[in-house]
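First comes the structure, then the notes that go with it.
Because only heavy atoms are used, hydrogens play no part in the values below, and waters and symmetry mates are left out as well, while side chains stay in.
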Amino acid sequence: MVKFSKELEAQLIPEWKDAFVNYKMLKKHIKKIKLSRVPKKEEQAPKGDFGYSIFDSIRFVTNKLFCSSDNNKPNIIQVRRKMMEDSEEEVYETELAQLFSEEDEVHVFFARLDEELNKVNQFYRKQESEFLERRDMLSKQLQILLDLKQLLTDRRRKNNLPPRNSNAEIFSRSPDQSSNYSESCEESDETNSETSQMDEVISTLAKNGVNFVNSATRVKTKKGKPKMAMRIDIPATTPTKAITAVTSILWEDLVNSPIKEGYGEFINKRKIQYAEKMIRSAFVELYKGLGLLKTYSSLNIVAFSKILKKFDKVACQTASASYLKTVKRSHFISSDKVVRLMDEVESIFTKHFASNDRKKAMKFLKPQVQKGSHMVTFFVGLCTGCFVSLFCVYAILAHLCGIFSPNTEPAYMEAVYPVFSVFALLSLHLFMYGCNLYMWKATRINHNFIFEFSPSTALKHRDAFLMCTVFMTAVVGSMVVHLLLRAAGFFPGNVDAIPGILLLFFIALLICPLDIFYRPTRFCFIRVIRNIVCSPFYKVLLVDFFMADQLTSQIPLLRHLETTGCHILSRVFKTHHPETCHSGRLYMEITYIISFLPYFWRALQCIRRWFDDNDVAHLANMGKYVSAMVAAGARVTYGRQDNNIMFVIVIITSVMATMYQLYWDFVKDWGFLNPNSRNAWLRDDLVLKNKSIYYMSMALNVVLRVTWTETVMHFKVGPVQTKLLEFLLASLEVIRRGHWNFYRLENEHLNNVGHYRAVKTVPLPFRDADSDN
């Protein structure tokens with residue numbers, strides 16, 4: 001049977017862990033009470049040398065009856081409820097109504113129990129009030145949205161206009177800033193009927209306290225202050241929205257004009273759809289938070305009942321009944337606001353966002369997480385076995401065909417090595433990501449919440465392992481076919497097209513719109529890559545700069561992609577000579593660009609984050625990537641110009657960049673090297689119990705950060721050995737990145753725990769325009 005402490009640890013909400021009952025601490029106090037009773041029992045024990053007697057059984061029964069008679073004594077403890085002087089919060093304080101033989105330990109136990117009860121009550125009350133405020137805000141937002149939609153419908157009905165796809169509608173709104181969607185306007189006829197209809201629109205929205213910023217006749221309150229003016233604010237969280245905002249503003253300024261002075265601009269249909277989507281997402285997150293708070297309440301009441309039963313068993317008393325009555329009367333149990341609010345959200349969501357279809361609504365509110373299939377595990381094992389078998393066959397065929405002989409070695413390595421390295425490095429990265437997913441799940445790090453992934457479609461560790469084994473099986477299988485065709489005497493130009501065809505096949509699979517082979521994950525990857533390329537134009541999310549960091553570790557893969565594409569064009573389409581893929585001015589220029597590009601994208605993200613957050617730390621982070629760009633450029637130049645001056649420049653720039661990166665890894669990304677931490681030179685809170693793992697990880701990160709030293713040593717080895725050494729160093733960098741990923745997300749998770757962030761805060765579309773001033 002699983003102990004309740006482990007069961008509680010497995011079911012509690014990780015971000016609210018510190019707000020739960022500290023069950024382990026209370027168990028330690030129970031153990032102290034138990035140990036304090038041992039000497040007294042030993043004094044009562046017979047001190048004879050004759051062993052047990054027949055009276056021992058009678059004495060045992062008597063003690064049991066005596067203990068049961070003590071259990072019937074009422075009012076062993078008295079729990080008093082007091083109000084705090086500085087606030088209206090209530091606290092509980094327990095007084096012992098009788099003297100215990102272990103009075104000190106019992107007093108300490110109930111003092112700690114009172115502290116835990118007060119902590120749970122205060123946290124529950126705070127979260128409940130926040131959710132109620134969020135409900136009120138969402139209700140206002142929803143009412144404004146419904147009024148706007150109703151006015152759009154009435155307008156079309158009066159004018160007998162069919163629904164149009166045009167972005168120009170006829171309802172006044174406030175002007176947006178550059179981050180908002182602006183819409184096109186149409187000139188309207190200045191007739192009395194049109195004016196009266198517009199007046200009707202404004203008066204209807206004014207009933208809800210909504211007026212318009214550009215309105216010349218803006219209604220004022222009794223105190224002379226203007227009423228609340230609302231605007232539709234759609235955050236530019238994607239490059240598409242950001243670019244649309246810019247072009248819409250230009251169009252609006254150059255072409256359009258308002259219908260009539262005083263009525264401002266217009267609300268478009270597309271923007272209302274975005275607003276509806278945002279409000280729907282906000283209701284989903286509110287419902288999720290309410291469900292977590294309900295779970296929080298139920299787990300804590302079980303914890304209190306379990307620990308009180310343990311006390312009764314050890315102290316031979318019945319304190320649990322009276323104390324549990326107090327717990328059940330406390331706010332986190334007696335309040336039914338959360339349950340009623342969940343029912344209210346369900347009914348609202350069903351009515352307005354699911355067309356009164358409750359089953360459809362619950363798919364949004366309670367999405368079902370798919371359980372891991374054993375078929376995935378089976379295919380992982382199957383593909384792993386196929387990969388190992390095919391690799392052994394490939395090694396034997398390569399040896400028999402003399403592929404690595406001096407005559408055939410260069411041409412074969414140019415055709416096969418780049419493609420094989422691309423898929424091998426990609427598969428290794430997927431394998432490391434699968435290990436990350438497994439460790440995050442084992443340590444209860446909520447990576448889906450941090451990355452804002454949907455739990456129903458997010459990749460699991462078995463899926464990552466399956467993808468990497470499928471890739472390697474397909475690649476090694478194609479290499480075996482390639483060798484067999486070469487040995488059979490087929491034309492080399494046609495045979496050498498096989499690696500390129502395999503690469504094009506997987507690119508086509510990546511962008512395939514059919515719902516096969518993890519389409520949500522593939523499309524999410526494409527969106528994130530698009531966001532990285534368009535970094536300056538939109539707000540940077542954590543998943544965006546996390547993926548950009550992965551790209552900085554895959555520069556060798558990008559170089560191999562360049563070489564592979566060059567060989568495909570030269571060998572299949574005969575556009576240029578294959579030798580230009582490894583030398584020449586264009587090759588070096590592209591090499592410089594590829595070496596700089598991931599760091600450049602990451603630096604742009606830092607600039608955008610500084611612009612959004614006004615935090616100088618982002619500029620310091622940008623300096624790290626600029627130093628990495630300088631060091632990478634110096635190493636590429638040293639590969640062409642092997643002289644003492646370039647050697648000194650490479651050493652200086654690489655050492656400075658490495659020191660910068662190590663400092664940022666340990667202090668900023670991982671949160672280590674805190675001299676005042678209770679864990680020496682680490683941080684106060686650690687997910688892993690064994691501290692030595694952290695120290696070994698820091699040492700390993702230092703070693704893997706300095707693998708660039710091999711590039712300046714210029715070992716004199718053959719072409720095959722050189723390629724294998726390059727692949728080994730690239731693999732070590734991928735392993736270092738996977739190792740870095742775990743501690744980076746652990747630090748982010750602990751930051752969420754410190755701020756009790758368990759649900760996502762969705763921005764709302766309608767906001768007070770006066771707040772912009």
Counting the benzene-type ring for Trp, do Y323 and F311 have ring centres under 6.0 Å apart? no
Are F123 and Y296 close enough that their ring centres sit under 6.0 Å apart?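 Yes; Y296 has its ring centre under 6.0 Å from that of F123.
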Donor-acceptor side-chain pairing of [X] and [Y] below 3.5 angstrom:
| X | Y | result |
| --- | --- | --- |
| E128 | S335 | yes |
| Y518 | D463 | yes |
| N22 | E115 | no |
| E116 | Y92 | no |
| Y756 | E15 | no |
| E105 | H29 | no |
| S697 | Y743 | yes |
| S355 | D357 | no |
| R705 | Q661 | yes |
| D684 | N674 | no |

Whether over 12 other heavy atoms sit under 6.0 Å from [X] [atom1]:
| X | atom1 | value |
| --- | --- | --- |
| K310 | NZ | no |
| Y695 | OH | yes |
| K140 | NZ | no |

Heavy atoms, side chains only, cut-off 4.5 Å: are [X] and [Y] in contact?
| X | Y | value |
| --- | --- | --- |
| R135 | L286 | yes |
| K328 | S334 | no |
| L686 | K691 | yes |
| F465 | C435 | yes |

Would you check, one step at a time, whether the test salt bridge (charged side-chain N to carboxylate O under 4.0 Å, His left out) holds for D665 with R744? CA-CA 8 Å; D665 285 345; R744 177 64 182 88; over 6 Å; no
Drop me the distance from E7's CD to L12's CG, to the nearest 0.5 angstrom. 11.0 Å
List the steps and the verdict of side-chain contact (heavy atoms from CB on, under 4.5 Å) for F451 and V528. CA-CA 11 Å; F451 288 140; V528 172; over 6 Å; no
Under the ring pair (Phe, Tyr, Trp, His ring centres under 6.0 Å) criterion, do W670 and H739 qualify, and how do the steps go? CA-CA 11 Å; W670 294 1; H739 171 257; 5.7 Å; yes
Taking NZ, NE, NH1 and NH2 as the nitrogens, is one of them in E346 or R358 under 4.0 Å from a carboxylate oxygen of the other? yes
Evaluate the criterion side-chain contact (heavy atoms from CB on, under 4.5 Å) for residue pair R736 and L700; output intermediate values, then yes/no. CA-CA 8 Å; R736 188 202 65 80; L700 180 62; over 6 Å; no
